[in-house]
Every structure is written in C-alpha cells, then in structure tokens.
Amino acid sequence: MSEQTPDTGTDVLDPAVARRLKRDPAGLVAAVVQQHDTKEVLMLGWMDDEALRRTLTEGRVTFWSRSRQEYWRKGDTSGHVQAVHSVSLDCDGDALLVQVDQTGAACHTGTRSCFDGRDLGAVAAV
C-alpha cells in the first residue's frame, strides 16, 4: 500500500489512500483500535500519513504522539503489541478502524482497554 518517491527513494502513503483521508488541522486522523475477534474497543490513537503507511505495511500499529510529537509503535517499550488484522476508513474519511490482536494491556494505565472502569453513568435508552 505504499510506493517509492522517485527522487528520494523513501516510502510514502499510497496517494489513492491519502486522497480519501479527511485530516484535522494538525494533519491527523482518529484511529479506533478494536480487538479483531471479540470486537472490544481498546483505545483511540492518532495517525498522520506516515503512521498510517507504517501501520498498513509493517503489520504493527504506529501512532503519532501529540504530546511527545513523535511516532510510537505500540508495544516497542511495553511489550503490549498490537498486531494488525485489518484497517478500514469510515464513510467520511475522518476516522480509521484498526482491528488488531492485542497482546497485554492496550492502555498506558495497564488496563486491557482505555475504557475499562471509566463509565460515565449515562441513562440507557429503553
């Protein structure tokens, strides 16, 4: 899903994919990460074109860290790897669904999901 830039030889996101993305003002797209078999929502991260290219071509999920202003591949320091099963773009082009096989905790707090134990108590529709 990537191609070589003729003058530099560096990989770039497939232009056909890049054209479909609707990025925020910082050039990012939200990436919802879901366990592929249970459909459990694990976390939300952010990707720019390079993070998405790496995710599509390397089989591991890469994000852009807005706080550290750098790329980080999930699991490189924690061992809590996200192995890519599929990546889909929503109908508006402004969100990605990344289905993974999660090893260990997905959340930096050590919980399986970033949403574990964080229910806001909304009234459920009947």
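Scope of the values below: all heavy atoms of this structure, side chains included, with no hydrogens, waters or symmetry mates.
- Considering all non-hydrogen atoms of both residues, Arg23 and Val29 come closest at CG-CG2, 3.9 Å.
- With values rounded to the nearest 0.5 angstrom, Ser88 atom OG is found 6.5 Å from Gln99 atom CD.
- Taking CD from Glu40 and CG from Asp116, the interatomic distance works out to 6.5 Å, rounded to the nearest 0.5 Å.
- Nearest heavy-atom pair, His80 versus Lys74, reported as atom, atom and distance to 0.1 Å: O-CG, 3.5 Å.
- Taking CG of Leu21 as the reference point, atom CG of Leu52 lies at 6.0 Å (rounded to 0.5 Å).
- The residues Glu70 and Arg68 are annotated as salt-bridged, a charged nitrogen and a carboxylate oxygen being separated by less than 4.0 angstrom.
- Checked options Arg112, Gln82, Gln35; the residue passing with Gln102 is Gln82 (criterion: side-chain hydrogen bond (donor to acceptor under 3.5 Å, both in side chains)).
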Next on the checklist: I'd like to know whether Leu13 forms a side-chain contact (heavy atoms from CB on, under 4.5 Å) with Leu56, so could you lay out the CA-CA distance, the side-chain angles of the two residues, the decisive distance to 0.1 Å, and finally the verdict.
Outcome noted: CA-CA 9 Å; Leu13 183 63; Leu56 292 172; 3.9 Å; yes

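- Closest of all the heavy-atom pairs between Thr103 and Gly79 is CG2-O, 4.0 Å.
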Next on the checklist: Checking Glu50 against Thr62 for the side-chain contact (heavy atoms from CB on, under 4.5 Å) test, could you report, in this order, the C-alpha distance in whole Å, the side-chain angles of both residues, the deciding distance, and whether it holds?
Outcome noted: CA-CA 9 Å; Glu50 176 60 14; Thr62 298; over 6 Å; no

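- Counting heavy atoms from C-beta outward, Val61 and Met47 have side chains that approach closer than 4.5 Å.
- Within the hydrophobic cluster formed by Ile, Leu, Val, Met, Phe, Trp and Tyr side chains joined at under 4.5 Å, directly or through other members, Val41 is accompanied by Leu28, Val32, Leu44, Trp46, Trp64, Tyr71, Leu97, Phe115.
- Val100 and Val81 fall into different hydrophobic clusters, where Ile, Leu, Val, Met, Phe, Trp and Tyr residues are linked whenever their side-chain heavy atoms come under 4.5 Å apart, directly or through other members.
- Remark: side-chain polar atoms of Asp48 are not paired, donor with acceptor, to backbone N or O of Gly27 under 3.5 angstrom.
- Panel note: side chain Gln69, backbone Arg66; a donor-acceptor pair is recorded below 3.5 Å.
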Item to check | Intermediate values then yes/no, side-chain contact (heavy atoms from CB on, under 4.5 Å), Phe63 and Val33 | outcome: CA-CA 11 Å; Phe63 298 102; Val33 180; 3.7 Å; yes

Item to check | From CA spacing to verdict: side-chain contact (heavy atoms from CB on, under 4.5 Å), Arg60, Asp76 | outcome: CA-CA 10 Å; Arg60 295 266 309 275; Asp76 278 355; 2.9 Å; yes

Could you list the donor-acceptor pairs under 3.5 angstrom formed by side chains in residues 119-126, with sequence neighbours left out?
{"residue": "Asp119", "atom": "OD1", "partner": "Gly121", "partner atom": "N", "Å": "2.5"}

